[in-house]
Amino acid sequence: MKFKGRSIISIRDMDKASLLKIINTAEEVKKGKHKNCLKGKVISTLFFEPSTRTKFSFESATQYMGGEVIGFAGSEYTSVKKGESLADTIKTISGYCDVIVIRHPIEGAARLASEVTSVPVINAGDGANQHPTQTFLDLFTINELVSDLSRIKVGFLGDLKYGRTVHSLAYALALFKTPLCFISPKLLRMPVDLLDEISEMGSKTKEYEELEELEEKLDILYVTRIQKERFGDLQEYERVAGCYRLTPQIVHTLGENIKIMHPLPRVNEIAPDVDTMENAIYFEQAHNGIPVRQGILGLITGTIA
Ligand code: CP
């Protein structure tokens, strides 16, 4: 698959070979290859929604590789505030940079952006829909632990309805036919059509409401935050807020070797004293955002073949 000049909008645009190419490129970057491959390139980061990891890791990934960054966090000091459309904003910024990275609360915003410009667009999260580069770094992190993505069991815990990182990663793992289980309150179940699709792709799936009900030993538990900002009805949020909290005692019951991942930010779904356990790899996961995003920026700007 050709990456040069390509937008990265959805994990659904990816096949297994492209995902493996991204993982391999990130491995090369982490080993010190492709230094300064963004020299002379300008990356714009347009964040219409809050972010710590995605925004800062894209920016530092660019700068470590010799590139420059322009952009904003919050559009209130841009002409969006004067009523400029997203399409006009993108068409304008396209003339100032080589890649556009965009996070926007509206599902489909990144796709729309990619349709009005020839500059590659990277979706850094669109509403509850997709966050493909998070999935790349999640897969990269898992791949550092195991040699075969099809031979592990992965569980997802928490807000599986609104969690775009869950939707993207579950779909990506289904390309490898990884067995998956989903633990959530009824209100926050995985979307049924996505669950059906994942099963049809060849992943065995099972749903639970409580961690204690798990019948299988997991290799990885991917914990997510209940996404308060996505609830239309705050009373519904109150019904599920704090429904899970992983503590060291609970981690011990899940098995000695289980690895705990989380896209972060966390609120209170993982107790801070889990952080020092060997099982906890969520900060390492977040730091893998650098080589993974360096790799993807190199691939789409054509400076990495
Ligand atoms: N994981 C993630 O997308 O984090 P941020 O919202 O801080 O970018």
Side-chain angles (χ1 to χ4, degrees), residues 8-11 14 22-23 26 43-64 69 71-75 99-110 113 121-144 154 156-173 188 220-231 244 246 259-270 272 274-275 280-297:
I8 306 291
I9 304 300
S10 168
I11 205 73
M14 297 279 153
I22 291 166
I23 290 172
I43 311 301
S44 68
T45 54
L46 316 184
F47 278 70
F48 293 81
E49 264 198 340
S51 167
T52 298
R53 277 143 291 273
T54 312
K55 182 172 185 297
F56 288 107
S57 66
F58 263 116
E59 294 180 351
S60 98
T62 302
Q63 291 173 36
Y64 278 135
V69 177
F72 58 78
S75 58
V99 176
I100 293 174
V101 178
I102 180 170
R103 173 172 288 187
H104 200 283
I106 297 175
E107 294 186 20
V121 172
I122 298 180
N123 182 4
D126 60 330
N129 187 31
Q130 286 278 326
H131 189 355
T133 62
Q134 176 70 41
T135 303
F136 303 156
L137 77 88
D138 292 341
L139 280 180
F140 177 79
T141 304
I142 297 171
N143 194 67
E144 282 193 314
V154 179
F156 292 89
L157 174 75
D159 184 348
L160 311 187
K161 178 178 179 182
Y162 297 113
R164 58 192 173 200
T165 61
V166 172
H167 301 164
S168 299
L169 180 59
Y171 182 89
L173 287 170
L188 297 177
I220 288 162
L221 180 64
Y222 192 97
V223 184
T224 62
R225 172 178 69 91
I226 310 287
Q227 304 211 7
K228 185 177 181 181
E229 68 278 21
R230 310 263 179 238
F231 282 75
Y244 304 112
L246 219 57
K259 297 296 182 197
I260 309 297
M261 295 177 69
H262 192 309
L264 304 175
R266 78 173 137 187
V267 183
N268 48 23
E269 58 280 358
I270 301 180
V274 174
D275 298 0
I281 59 167
Y282 29 89
F283 288 108
E284 200 179 320
Q285 178 188 351
H287 296 158
N288 278 335
I290 298 288
V292 170
R293 291 182 169 123
Q294 285 175 325
I296 199 75
L297 287 168

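Side chains included, hydrogens not; waters and symmetry mates left out as well; all remaining heavy atoms used. One-based numbering, in listed order, for ligands and for the atoms of each.
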Subject >> Any side-chain heavy-atom pair of F47 and V101 under 4.5 Å >> reply: yes

Original post:
Nearest to atom 1 (N) of ligand 1, what protein heavy atom do you find, and at what distance?
Top reply: P263 O, 2.8 Å

**OP:** May I ask you to test the E144-I281 pair for a side-chain heavy-atom distance under 4.5 Å?
**Re:** no

Subject >> Within-cut-off N or O pair, K55 and ligand 1, under 3.5 Å >> reply: no

Original post:
Looking at F58, is R293 sitting on its ring face, NZ or CZ under 6.0 Å from the six-membered ring centre and within 45 degrees of the normal?
Top reply: yes

Original post:
Is the number of heavy atoms from other residues, nucleotides or ligands within 6.0 Å of OH (Y64) greater than 12?
Top reply: no

Subject >> Close N or O approach (P265, ligand 1; < 3.5 Å) >> reply: no

Original post:
Taking only heavy atoms of T52, which atoms of ligand 1 are found under 4.0 Å from at least one of them?
Top reply: 5 (P), 7 (O), 8 (O)

Original post:
Atoms of ligand 1 less than 4.0 Å from L264 heavy atoms?
Top reply: 1 (N), 2 (C), 4 (O)

Original post:
Where do Q227 and G163 come nearest, in terms of heavy atoms and distance?
Top reply: NE2-CA, 3.6 Å

Subject >> Atoms in ligand 1 flagged as close to T54, the criterion being non-hydrogen separation under 4.0 Å >> reply: 2 (C), 3 (O), 4 (O), 5 (P), 8 (O)

Original post:
When you measure from atom 4 (O) of ligand 1 to every protein heavy atom, which one gives the shortest distance, and what is it?
Top reply: R53 NE, 3.1 Å

Subject >> Close side-chain approach of N129 to R164, heavy-atom, < 4.5 Å >> reply: no

Original post:
Is there a heavy atom of R103 sitting under 4.0 angstrom from any atom of ligand 1?
Top reply: yes

Original post:
At a 4.0 Å threshold, what atoms of ligand 1 neighbour a non-hydrogen atom of Q134?
Top reply: 1 (N), 2 (C), 3 (O)

**OP:** Could you tell me whether the side chain of Q130 reaches within less than 4.5 Å of the side chain of I9, counting heavy atoms only?
**Re:** no

Subject >> T165 and ligand 1 - part of the residue with a heavy-atom distance under 4.0 Å >> reply: neither

